[in-house]
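Keep in mind that what you see is a predicted model, and the values were worked out from it rather than measured.
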Amino acid sequence: AAAPPKPTPATVPASAPPAAAPPKPTPAPMPASTPPSKPEAAPAAGGTSYKDKPIEEWSIKEVGAWISDLGFEKMRNCFEENYISGLELVELSNAELKEDLGVAALGARKAILREIGNLKSS
């Protein structure tokens, strides 16, 4: 004799209440120190994105958007609180990143400096 079929949503008796949709996963809460990201990288009121301007013309907010776009969202506040605009960004040193901005990870400092170099050469 064949084994009875296992209950599936299709074989649930008609008297059972309708199956509710599975709950949608809620996004993980962000740490309190990280504000929700804002679309700073979107074109500004003038219609241009920071990506369309020379690095030396970037505002503090545009540098914050850039650092977030690199994947360093946690460092965004530090760059903004220290008033790092494009002019300051192009002059940042490894020591300043580490000692003044608190970027402790060597790999992160190297990645940021490499990206700054790419921006200056483009």
What are the two closest heavy atoms between [X] and [Y], and how far apart are they?
X	Y	answer
E80	K61	OE1-NZ, 3.4 Å
R109	A104	NH1-O, 2.7 Å
E57	K53	O-NZ, 3.8 Å
R76	S68	NH1-OG, 3.1 Å
A108	M75	CB-CE, 3.9 Å

In this structure, CD1 of I112 is separated from CZ of F79 (nearest 0.5 Å) by 4.5 Å
Measuring from S85:OG to I55:CD1, what's the distance to the nearest 0.5 Å?
9.5 Å
Parallel, tilted or perpendicular, judged at 30° and 60°: which one describes the rings of W58 and W66?
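It falls in the tilted class, 30° to 60°.
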Do the side chain of E81 and the main chain of C78 share a donor and acceptor less than 3.5 angstrom apart?
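Such a contact is absent between E81 side chain and C78 backbone.
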Checking E96 side chain against S93 main chain: does a donor-acceptor pair fall under 3.5 Å?
yes
Side chain to side chain donor-acceptor pair (under 3.5 Å) contacts in which one or both residues fall within residues 98-108, not counting sequence neighbours
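For residues 98-108, and leaving out neighbouring residues, there are no side chain to side chain donor-acceptor pair (under 3.5 Å) pairs at all.
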Among I60, V63, I67, the one residue meeting side-chain contact (heavy atoms from CB on, under 4.5 Å) with I84:
V63
From the list L119, L89, L87, side-chain contact (heavy atoms from CB on, under 4.5 Å) partner of E56 resolves to L87
Does D69 form a side chain to side chain contact (heavy atoms under 4.5 Å, CB included) with K51? I'd like the steps, not just the answer.
CA-CA 11 Å; D69 289 349; K51 296 175 184 177; 3.9 Å; yes
Does one hydrophobic cluster hold both L70 and L97, with members joined at side-chain heavy-atom distances below 4.5 Å?
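Cluster IDs for L70 and L97 match.
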